[in-house]
Amino acid sequence: MPELPEVETVVRGLIPDLVGARCGKPWVDWEKVLDGMSLSDFAGLVENQTIQRLHRRGKYICIHLSKGFLVVHLRMTGRLYLSDQRQGDDPWVHFSLALDNGRFLAFSDARKFGRVQWVTDLDFLEAKLGPEPLELGPADFVPLLQGSSRAIKVFLLDQKRIAGVGNIYADEALFLARINPTRPVDSLSDPERQRLGKAVVKVLSAAIDYEGASIQWYRKPDGNQGESQKHFQVYGRTNNPCLVCGSPVTRNVLGQRGTHFCGKCQC
DNA sequence: CGTGGGACCTGAACGC
DNA sequence: TGCGTTCAGGTCCCAC
């Protein structure tokens, strides 16, 4: 589920409760959530470590410990929040970590795609992620959105090109920039690349202000829904009238992902 | 190099 | 009510 704005919202929400806390015992009901590490190994590396800071990189949540890092990816249905109980009444909690403040960091994930991994450093993230879109200016997108014949929608989802854009905000940015998602990347003009870059930044920034999109699973760490879904222009609006021209929003499949756009506004 | 399919998993929505 | 199908904010891996 979560893309850059949702992950950013989760990180911001967790910082006040997590920074400075000392880790206690971890717990899992499904060891695969640790991405191949055994619970006992994980416990040995994490227990008594103090959480120094948190930050987001792409769609990854990075929790800095005194030694090493916890890296969490929410994938489609992951949630990360503070709880008073190890598992509480949430049947989808597969990992939790006791903290010295008496609370628990709980990772809930209905589909079990998400992972909580311990790593010594974050180099592996840099190796597979492109730049952070919110740190770029419009001109930076000109060289970035080049060098491929793939459809621009598919290209935007490639985390190695740009980190953090997912299916919702790719569709929304392409609509805002009035660019058809099927256009080959190398067919875009430089002004179009800039326009799309601006649109990506605008769409992601707005979604952070709305604290993410709650369609089904995503929740803020405080348990409440985000508001971003109320502002979608095309995502999930198949056959509804385009908010600009009134013609029906099209849905097709690109790169095996549902893709929403206005065939009249986006050329 | 790019694409297409499948795998990983489960829940919700919808059609009959 | 029950069953089958389809779809879902992501990523990785393999064959062609």
Side-chain angles (χ1 to χ4, degrees), chain A residues 1-11 28-36 56-61 71-80 90-95 107-117 124-125 127-130 133 146-175 181-187 200 203-204 206-208 210-221 225-239 251-260:
Chain A
M1 97 218 175
E3 307 181 25
L4 185 155
E6 288 73 31
V7 178
E8 178 68 24
T9 303
V10 169
V11 167
V28 298
D29 76 346
W30 188 66
E31 205 167 66
K32 258 184 156 181
V33 73
L34 301 180
D35 199 43
R56 177 193 58 72
R57 178 75 174 94
K59 302 173 192 171
Y60 291 82
I61 298 164
V71 176
V72 180
H73 199 302
L74 305 174
R75 293 292 185 100
M76 297 289 266
T77 56
R79 296 173 176 173
L80 196 60
D90 181 344
W92 299 303
V93 172
H94 303 303
F95 166 92
F107 177 70
S108 163
D109 185 15
R111 287 181 74 177
K112 297 181 171 176
F113 286 171
R115 296 290 183 266
V116 178
Q117 47 181 154
F124 78 106
L125 285 184
K128 65 177 172 183
L129 296 178
Q146 278 192 63
S148 170
S149 58
R150 311 166 79 182
I152 182 63
K153 160 72 184 281
V154 176
F155 187 92
L156 286 176
L157 294 180
D158 184 345
Q159 302 299 296
K160 195 150 189 168
R161 299 287 189 161
I162 303 175
V165 178
N167 205 38
I168 291 178
Y169 300 111
D171 284 2
E172 293 295 316
L174 286 163
F175 176 77
T182 63
R183 289 271 303 280
V185 175
D186 282 346
S187 79
V200 166
V203 159
L204 295 177
I208 290 173
Y210 295 132
E211 301 186 292
S214 293
I215 299 171
Q216 288 177 48
W217 296 98
Y218 166 74
R219 292 294 181 276
K220 298 187 281 174
Q225 301 195 358
E227 305 283 320
S228 175
Q229 70 283 359
K230 297 176 181 173
H231 304 272
F232 292 164
Q233 303 287 296
V234 285
Y235 183 84
R237 297 194 62 250
T238 311
N239 293 328
R251 178 188 186 277
N252 67 11
V253 177
L254 264 184
Q256 304 173 130
R257 312 298 302 276
T259 297
H260 312 75

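Just so we're on the same page: letters track the sequence lines, and every chain starts at 1.
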If you compare every side-chain N and O of [X] against the phosphate oxygens of [N] (OP1, OP2), does one of them come in below 4.0 Å?
X: K160(A); N: dT11(C); value: no
X: W92(A); N: dG11(B); value: yes
X: K59(A); N: dG10(C); value: yes
X: K112(A); N: dG11(B); value: no
X: H73(A); N: dT11(C); value: yes

We want to know whether H94(A) and D109(A) form a side-chain donor-acceptor pair, criterion being a heavy-atom distance below 3.5 angstrom.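 D109(A) and H94(A) do not have a side-chain donor-acceptor pair below 3.5 Å.
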Could you tell me whether the side chains of Q117(A) and Y60(A) share a donor-acceptor contact shorter than 3.5 Å?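 Note: Q117(A) and Y60(A) side chains miss the donor-acceptor criterion.
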Rounded to whole Å, please give me the gap between [atom1] in [X] and [atom2] in [N].
X: M76(A); N: dG11(B); atom1: CE; atom2: C1'; answer: 12 Å
X: Q256(A); N: dA8(C); atom1: CD; atom2: C1'; answer: 14 Å
X: N167(A); N: dC7(C); atom1: CG; atom2: P; answer: 13 Å
X: I215(A); N: dG11(B); atom1: CD1; atom2: C1'; answer: 15 Å
X: E6(A); N: dA8(C); atom1: CD; atom2: C1'; answer: 14 Å
X: R257(A); N: dC7(C); atom1: CZ; atom2: P; answer: 13 Å
X: D90(A); N: dG11(B); atom1: CG; atom2: C1'; answer: 14 Å
X: Q159(A); N: dC12(C); atom1: CD; atom2: P; answer: 9 Å

Please state the P separation for the pair dC1(B) and dG10(C) - nearest whole angstrom.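 After rounding to an integer number of Å, I get 25 Å for this pair.
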dT6(C) to dG5(B) separation - P atoms, rounded to the nearest Å: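 Comparing P positions in dT6(C) and dG5(B) gives a spacing of 15 Å.
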Straight-line distance of K128(A) NZ to L125(A) CG, nearest 0.5 Å: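 Answer rounded to 0.5 Å: 6.5 Å.
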Can you tell me how far CZ of F107(A) sits from CZ of R79(A), rounded to the nearest 0.5 angstrom?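 Spacing of CZ (R79(A)) from CZ (F107(A)) equals 11.0 Å.
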DNA chain B: A110(A) or R150(A), which has the more 5' nearest nucleotide?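 Closest to the 5' end, via its nearest nucleotide, is R150(A).
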Most 5' of S148(A) and F113(A) on DNA chain B, judged by nearest nucleotide: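 First, find each residue's nearest nucleotide; the 5'-ward one identifies S148(A).
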Report the nucleotide, chosen from dG11(B), dG10(C), dC9(B), that has the shortest atom-to-atom distance to any side-chain atom of E3(A).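 Taking heavy atoms from C-beta onward, the closest nucleotide is dG10(C).
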Counting side-chain heavy atoms from CB outward, which of dA8(C), dC12(C), dG11(B) is closest to Y235(A)?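 Among the listed nucleotides, the one closest to the side chain of Y235(A) is dA8(C).
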Mind checking which stems touch DNA chain B? I mean at least 3 consecutive Watson-Crick or G-U pairs, both distances under 3.5 Å.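 Stems for DNA chain B, defined as runs of 3 or more consecutive pairs: B:2-8 with C:10-16, B:10-16 with C:2-8.
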Starting at the 5' end of DNA chain C and moving along, which residue's nearest nucleotide shows up first, G258(A) or K128(A)?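 So the residue in question is G258(A).
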Got a donor-acceptor contact below 3.5 angstrom from the [X] side chain to the [Y] backbone?
X: E31(A); Y: G36(A); result: no
X: E172(A); Y: Y235(A); result: yes
X: E211(A); Y: E227(A); result: no
X: T182(A); Y: A151(A); result: no

